[in-house]
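Notes follow once the structure below has been shown.
Residue numbers start from 1 in every chain, and the chains themselves are labelled A, B, ... in the order their sequence lines are given, proteins ahead of strands.
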There are 2 protein chains.
Amino acid sequence: MPLLSDVARAAGVSKATASRALSGAEGVSPATRERVERIAAELGFRASGAARRLATGKTRTIGVLTPSVDRWYFGSVLHGIAHAADIHEHDVLLYDLGAFGHGGHEKFERFMRRGEVDGLITITWSLVGGDLSRLAELGIPVATVGEPTPHTRSFSLDDDAAGTQAAEHLVALGHTDLLHIASETEVQPFDASSSDRRKRAFEAVSARHGLRMRPVRTVPTSLEGAHAVARELLDRPDRPTGIVAGTDEVALGVVLAAHQLRIRVPEELSVIGVDDVPAATAFGLTTIRQDPAQHGEDVVDWIMAALAEPRGAEPDRSHTAYAPELVVRSSTAPPA
Amino acid sequence: MPLLSDVARAAGVSKATASRALSGAEGVSPATRERVERIAAELGFRASGAARRLATGKTRTIGVLTPSVDRWYFGSVLHGIAHAADIHEHDVLLYDLGAFGHGGHEKFERFMRRGEVDGLITITWSLVGGDLSRLAELGIPVATVGEPTPHTRSFSLDDDAAGTQAAEHLVALGHTDLLHIASETEVQPFDASSSDRRKRAFEAVSARHGLRMRPVRTVPTSLEGAHAVARELLDRPDRPTGIVAGTDEVALGVVLAAHQLRIRVPEELSVIGVDDVPAATAFGLTTIRQDPAQHGEDVVDWIMAALAEPRGAEPDRSHTAYAPELVVRSSTAPPA
DNA sequence: CTGAAAGCGCTTACAG
DNA sequence: CTGAAAGCGCTTACAG
């Protein structure tokens, strides 16, 4: 593995000049720059990241704290992050905290002890407010994707609008007897979660239109969890004509249960979700679309911009709310 | 941020001794060690990773090259990797290559240029043989999970056994007219892919039992892809009595299509998959289980062991095949 | 058991 | 435009 000094010697310049030529710094004659670059390429020179880090104080790495990587939302955000980070020539260091109470906090502490990154992204639900504010004091740009938070810059779907759109869609079709199935929030104080925002929006729509008020059901955030509850719920004579699910996973569990119970969707039951997961198409699920990969790209772009700003500037803690988009498929129709 | 020299001064020892005390090296009196540790804790000392890297040549980081993070298999492997890496106090650097031909190769090259890791894991399908052998020459432990490969140490489900078990299960139930739906392999030479191994195993079982020979169908690796094909396939009068799907995603697409076509599963159609994804339970899918998170943990353990070995030892390129496990649910039954 | 010193491989004021 | 030198913050032979 050739060193910078090898390149410098072969090019007949000092290490300083070689370094400048390679880094693209100005104040190097075009001729030397070209020569150094050529020789570096010939020798297959790669600057030592460790040395560069030590000298510059920059890691060219961004950290991601996430409670999960094997669920659609988190995976998609991560995908967007990785893509954008790559474009900015930054690496991504992954901290999979796992479920809270299952060692997640311990892993968080380990990150605080060892993590060396220029910027940090937390994908929501992984952290309680106290931890989030500790991160905000790290002196590096920190942002959250998935939920609004007062502690850091944040990006998320406009959950109020999403919940409203979903309920209004069914109301517009003529439904008056709706049930909301919310998906469980594990960590956040419930009243701050996207789940709760969607729920409240549903309740507001119900109240506004004078719909029958059924108590909201809460299920584990998974197709299985929703499915188990839906099997029991849909098998009753007084089932609603429409279900507004907090997420597509929940909605899919409901549709599956309906299929198994031979309840026709949408003729006998309308179902709407939020997310637009890939499987939604095959299920014909009407849903409110969001694009987590885009959120991931945006949060990285913000971090890069924050990194470019002069140190000590007042930290930006604003929130970006993405507008939801109704996607009508075949799981919703006027009530029979 | 306190430095090692601050700790040393406060403890009244040299930096050398402070370093030894903190790193747990031997040859430090218990008294000094304890004092140094206490003072380091009081001061909130965290050693600079960059400086340590430069001095030791170790990054305490392992790299993961994956074609995707938002699909169950990859996400689960990654989860296992992150967990095990954390236990070994190593960081994980994520390279999401994305689909091949969509900039994946370019991202791979960028990794080759900048990636500084002590060990490397590639999750299959992301790399062609040529790239894999370049990695193997990197001088660090390299392993692949998801498919056997001659270029590196590898870990994967025993696909032959999985394919055999799936087909034999339906044969044992009395089926004689089966169709295999394989899931598409994007990158690997097809004859090396797990998809192809499962397919061949299916064909061998068919031949052995003299079953009707239907040409194998290949569909995109997704519920949607399988669903589209299955809708058309199942709507014909001469449909098979059982379907052996290459993966659960494909199997789920088939079951969904059956539901929509009002074909009863398992009465009119048996379906079996491979994976045991979380949604399999709700669908009642009979499947062949594998545990990718475990594979991820194992591969990290192997990397750690390889790291502990003396440099220059002959690289281990053996393969670990995990035994499949049949999980019978309600999607399979004797033919009508 | 402990310390002084060299070294890891870059970058960047400072001079010229 | 270029170079000599200091410095980033640790670890680790080498001496004692």
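- B:Glu26 has its CD atom 16 Å from the P atom of D:dT11, to the nearest Å.
- Residue contacts shown for A:Arg53 are absent, as no nucleic acid heavy atom lies under 4.0 Å away.
- The distance from atom CG of A:Leu4 to atom P of D:dG7 is 20 Å, rounded to the nearest whole Å.
- Rounding to whole angstrom units, CG of residue A:Leu22 and P of C:dT12 are separated by 13 Å.
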message: The test is side chain to side chain donor-acceptor pair (under 3.5 Å); show your working for B:His79 and A:Asp70 and say whether it passes.
response: CA-CA 7 Å; B:His79 181 69; A:Asp70 52 9; 5.0 Å; no
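- Remark: the A:Arg153 side chain and the A:Thr320 side chain contain an N/O donor-acceptor pair separated by less than 3.5 Å.
- At least one side-chain nitrogen or oxygen of A:Ser29 sits closer than 4.0 Å to the OP1 or OP2 atom of D:dT2.
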field: B:Arg317 and B:Thr149: CA distance, side-chain angles, deciding distance, side chain to side chain donor-acceptor pair (under 3.5 Å) verdict
entry: CA-CA 8 Å; B:Arg317 292 183 179 169; B:Thr149 144; over 6 Å; no
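- In this structure, the CZ atom of A:Arg33 is 10 Å from the P atom of D:dT2, given to the nearest Å.
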statement: Per-residue pairing states of DNA chain D in dot-bracket (Watson-Crick or G-U under 3.5 Å; . unpaired, | other strand) read |||.||||||||.|||
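- A sub-4.0 Å separation between OP1 or OP2 of D:dT12 and a side-chain N or O of B:Thr56 is absent.
- For B:Ser19 and D:dT11, the shortest distance from a side-chain N or O to OP1 or OP2 is below 4.0 Å.
- OP1 or OP2 of C:dT2 has not a single side-chain nitrogen or oxygen of B:Ser14 nearer than 4.0 Å.
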